[in-house]
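Bear in mind that the values here come from a model prediction, so they are computed numbers and not experimental data.
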Amino acid sequence: DVVAIPGFVSGQRFVRNETQMYPNVEPKLPNYLTLYRVTTDDLDAVNADIRERISTGVTKFETPSVIEAGTGSGYWYRFNAPEIRRTMPLPDGFAGKQLVHYDHIVFMNAVEGRQQEWEQWYDETHSPDMLTGAGIMTSQRTTLARPSPTATVPPTNEMVLFTVQIPAGLPAASAAPTIPRPAVPS
């Protein structure tokens, strides 16, 4: 139903991986995330169409709801940086194996007043370092375009989407790059 809305290109539901890429990191996020790709020059019209579909019953929600009360939050992020692609070959051990696709999603904020410096560091240092990780294929930055007025979790200003492909059976943490834990510019 949702991808029938003008501008919606695709939709995919993600389940939070129990094992995070970095040890001792437990995000305070819901277990599920749905990522919709939308192409539009009129976000207000897309939002109005969504509200209309919900209010008229075109978009239906289960009764009783299958969504845990108070856990739904929606944010609009805009891809505003080029996708950075892996340039090195995959590890030899990946050859001939079935690869499983993951998306590693990072939510963060740049230090106030240092947005441009953060973007340069992320694009020129951190993303290339991350792409040395086994199976990390792409990186792309986004910026918060519009927060949700009903969000239960405050949004971050930045989100970065990494695509990962590793052999079936390997834990997601095996894709972590062999670089020291990221150090942001000081």
Side-chain angles (χ1 to χ4, degrees), residues 2-3 5 7-40 43 46 67-68 71-91 93-94 97-110 118-119 121-148 151-179 181-182 184:
V2 174
V3 293
I5 298 171
F8 275 68
V9 176
S10 65
Q12 184 172 1
R13 184 180 72 114
F14 295 91
V15 179
R16 184 173 70 97
N17 196 1
E18 290 302 317
T19 305
Q20 296 299 301
M21 186 175 289
Y22 292 104
N24 304 317
V25 173
E26 272 306 311
K28 303 290 186 229
L29 297 170
N31 288 331
Y32 299 98
L33 172 96
T34 304
L35 181 64
Y36 296 104
R37 294 228 180 221
V38 178
T39 302
T40 184
L43 195 52
V46 171
I67 301 170
E68 183 180 347
T71 63
S73 298
Y75 314 102
W76 292 97
Y77 285 89
R78 182 182 68 253
F79 286 96
N80 62 339
E83 182 178 73
I84 301 170
R85 295 180 176 271
R86 180 185 190 92
T87 58
M88 60 193 306
L90 289 172
F94 285 25
K97 296 186 177 171
Q98 175 190 0
L99 299 181
V100 178
H101 178 89
Y102 288 89
D103 287 296
H104 177 60
I105 302 169
V106 179
F107 296 92
M108 73 199 79
N109 291 311
W118 178 86
E119 290 174 4
W121 170 79
Y122 218 96
D123 291 347
E124 296 175 11
T125 302
H126 187 59
S127 283
D129 285 349
M130 287 293 290
L131 293 171
T132 66
I136 300 181
M137 307 303 289
T138 65
S139 168
Q140 190 171 20
R141 282 188 302 102
T142 72
T143 299
L144 183 67
R146 179 173 301 163
S148 167
T152 56
V153 176
T156 60
N157 291 326
E158 279 47 80
M159 179 193 70
V160 181
L161 178 64
F162 293 94
T163 60
V164 180
Q165 293 183 13
I166 56 175
L170 280 181
S174 68
T178 56
I179 58 172
R181 186 78 192 262
V184 296

Looking at Ser139 and Val160, what are the two nearest heavy atoms and their distance?
OG-CG1, 3.7 Å
Between Val100 and Pro167, what is the shortest heavy-atom contact and its length?
CG2-C, 4.5 Å
Could you check whether the rings of Tyr122 and His126 sit parallel, tilted or perpendicular, using 30° and 60° as the cut-offs?
perpendicular
For [X] and [Y], indicate whether the former's side chain and the latter's backbone hold a donor-acceptor pair under 3.5 Å.
{"X": "Thr163", "Y": "Thr138", "answer": "yes"}
{"X": "Arg78", "Y": "Arg146", "answer": "no"}
{"X": "Asn157", "Y": "Asn109", "answer": "no"}

Rounded distance (nearest 0.5 Å) linking atom [atom1] of [X] with atom [atom2] of [Y]:
{"X": "Leu90", "Y": "Met137", "atom1": "CG", "atom2": "CE", "result": "4.5 Å"}
{"X": "Gln140", "Y": "Asn80", "atom1": "CD", "atom2": "CG", "result": "8.5 Å"}
{"X": "Thr132", "Y": "Arg86", "atom1": "OG1", "atom2": "CZ", "result": "7.5 Å"}

Can you list the residues that meet the side chain to side chain donor-acceptor pair (under 3.5 Å) rule with Tyr75, with sequence neighbours excluded?
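Here no residue qualifies.
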Of all residues at least two apart in sequence or in a different chain, which pass the side chain to side chain donor-acceptor pair (under 3.5 Å) check with Thr142?
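Thr142: no side chain to side chain donor-acceptor pair (under 3.5 Å) contacts found.
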CZ (Arg85) with more than 12 external heavy atoms under 6.0 Å:
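No, because the 6.0 Å sphere around CZ of Arg85 holds 12 heavy atoms or fewer from other groups.
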